[in-house]
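Below is one structure, written out as structure tokens; the observations come after it.
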Amino acid sequence: MSTSVLVCDDSKLARRQLARSLPDDWDIKVEFAEDGVHCIEQIKKIQPEILFLDLNMPEMDGYEVLQAIQEQDLHVLTVVVSGDIQPNAHQRVLELGAIDFIQKPCSAEKLANIIEHHGIKDKAMRERLANKLGEQVDPDVRDIYQELTNVAMGQAGDLLARLLNVFVKLPIPNVNVLEVNELDMALRSIDANATTSGVCQGFIGGGVSGEALLLLNDSSFKEIASLMNYEGELNDKVELELLMDVSNILIGAILTGLSKQLDMRFSQGHPVVLGQHCDVTDLVKANKSRWQRTLAIEISYGIENHNINCDLMLLFTEDSLKTLKYKVAYLLED
């Protein structure tokens, strides 16, 4: 039976080019939508299994389409195809439920790689991925996780601000349940064009366990060294020391903040260096066996007026979810 595919783009040329780039050996039936409003209508009408979605469109843009898909509980695997290559665009579409992001112009090779990576030619794999996307963190529980993390990351940010004598910009933490391939995508979206160094530190306590993953953009080291009044030559050894200093502050403080609020004590393992000066894709690939299905809380720290980018992810094991829900349940009681 043919797989139903919907291509949504306000450009007729772009729609046709993408359709022609789909694998020849894939048994599909392709339909089209000319804008976001038409896209939602088509999803309801033809119930496609796969959607290739542009972002910049009149009437209703791609972000609004993704939001409508979530709000209206429409079931379709969505791959965004756009010329907007900002890292924030990548992150935003993943948070809104897209399974991947392809930069325009989209070649047949790029499409084939994405299709192969997610296994979406295979019906069983499509169903498994669709079921996974349907699993949402309960909104009330997500709100609690975000608020707990807000308090903890504020404490961590305060320590970093005092150490460097700067103003630390605190974001709204992202909370999602992710499979390892989705974690791969989330990490790759941080900055696809820069090399990164990473540290991971395990923690366990009270029936909850996981790992804290800290990624520091390599372009940040020079400014961190300057803020810490280091005047020597920057080499791998010095940068590793700076990476460890930052990770000890942020990971230690945020785990302490969470443990106090959850009334449980975390024991921390020894930090493990995942890699230095790596592409994020390579760093994740080398350590993929460490992570499976996980509750991920992502915090992206920024330093005002400085080119310092630091991402911290708390990765709780699937077995921890039941305990975490129990711990926060009393906070939801009226």
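If you're wondering where the values come from, they're calculated on a predicted model, not measured in any experiment.
Under the 3.5 Å distance criterion, the side-chain polar atoms of Glu298 are left unmatched by any main-chain donor or acceptor of Met313. A donor-acceptor pair is defined here as one N or O able to donate and one able to accept, closer than 3.5 Å; such a pair exists between the side chain of Gln70 and the backbone of Leu96. Using a distance-only test at 3.5 Å, with no hydrogens or angles considered, no donor-acceptor pair links the side chain of Glu239 to the main chain of Asp236. A donor-acceptor pair under 3.5 Å links the side-chain atoms of Gln261 to the main chain of Gly257, judged by distance alone. No side-chain donor-acceptor contact under 3.5 Å links Glu31 to the backbone of Ser4. Panel note: side chain Ser226, backbone Lys222; no donor-acceptor pair is recorded below 3.5 Å. Between the Glu223 side chain and the His306 main chain, no donor and acceptor come within less than 3.5 Å of each other. Judged by distance alone, with hydrogens and angles left aside, the side-chain atoms of Asn248 form a donor-acceptor pair with the main-chain N or O of Met244 at under 3.5 Å.
Using a 4.5 Å heavy-atom threshold, the side chains of Glu233 and Val238 count as separate. Side chains of Ile50 and Ile28 form no contact here, defined as non-hydrogen atoms less than 4.5 Å apart.
Heavy-atom contacts from other residues, nucleotides or ligands closer than 6.0 Å to CD of Glu231 number 12 or fewer. Open room surrounds CD on Glu109; 12 or fewer heavy atoms of other groups in view lie less than 6.0 Å from it. Annotation: Asp25, atom CG; neighbour count of heavy atoms from other residues, nucleotides and ligands within 6.0 Å is above 12. For Glu241, the CD atom sits in a packed shell: over 12 heavy atoms of surrounding residues, nucleotides or ligands are nearer than 6.0 Å.
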For this session: Decide side-chain contact (heavy atoms from CB on, under 4.5 Å) for Leu250 and Ile299; before the verdict, give the C-alpha distance in whole Å, the side-chain angles of both, and the deciding distance to 0.1 Å.
Result: CA-CA 10 Å; Leu250 294 181; Ile299 306 160; over 6 Å; no
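Residues Val208 and Ser320 approach most closely at CA-OG, 3.6 Å, considering heavy atoms. Pro48 and Val5 get closest at one heavy-atom pair: CB-C, 4.4 Å.
Side-chain N/O atoms of Asn217 and Ser219 include a donor and acceptor closer than 3.5 Å.
For Phe316 and Phe203, the ring centers are positioned less than 6.0 Å apart.
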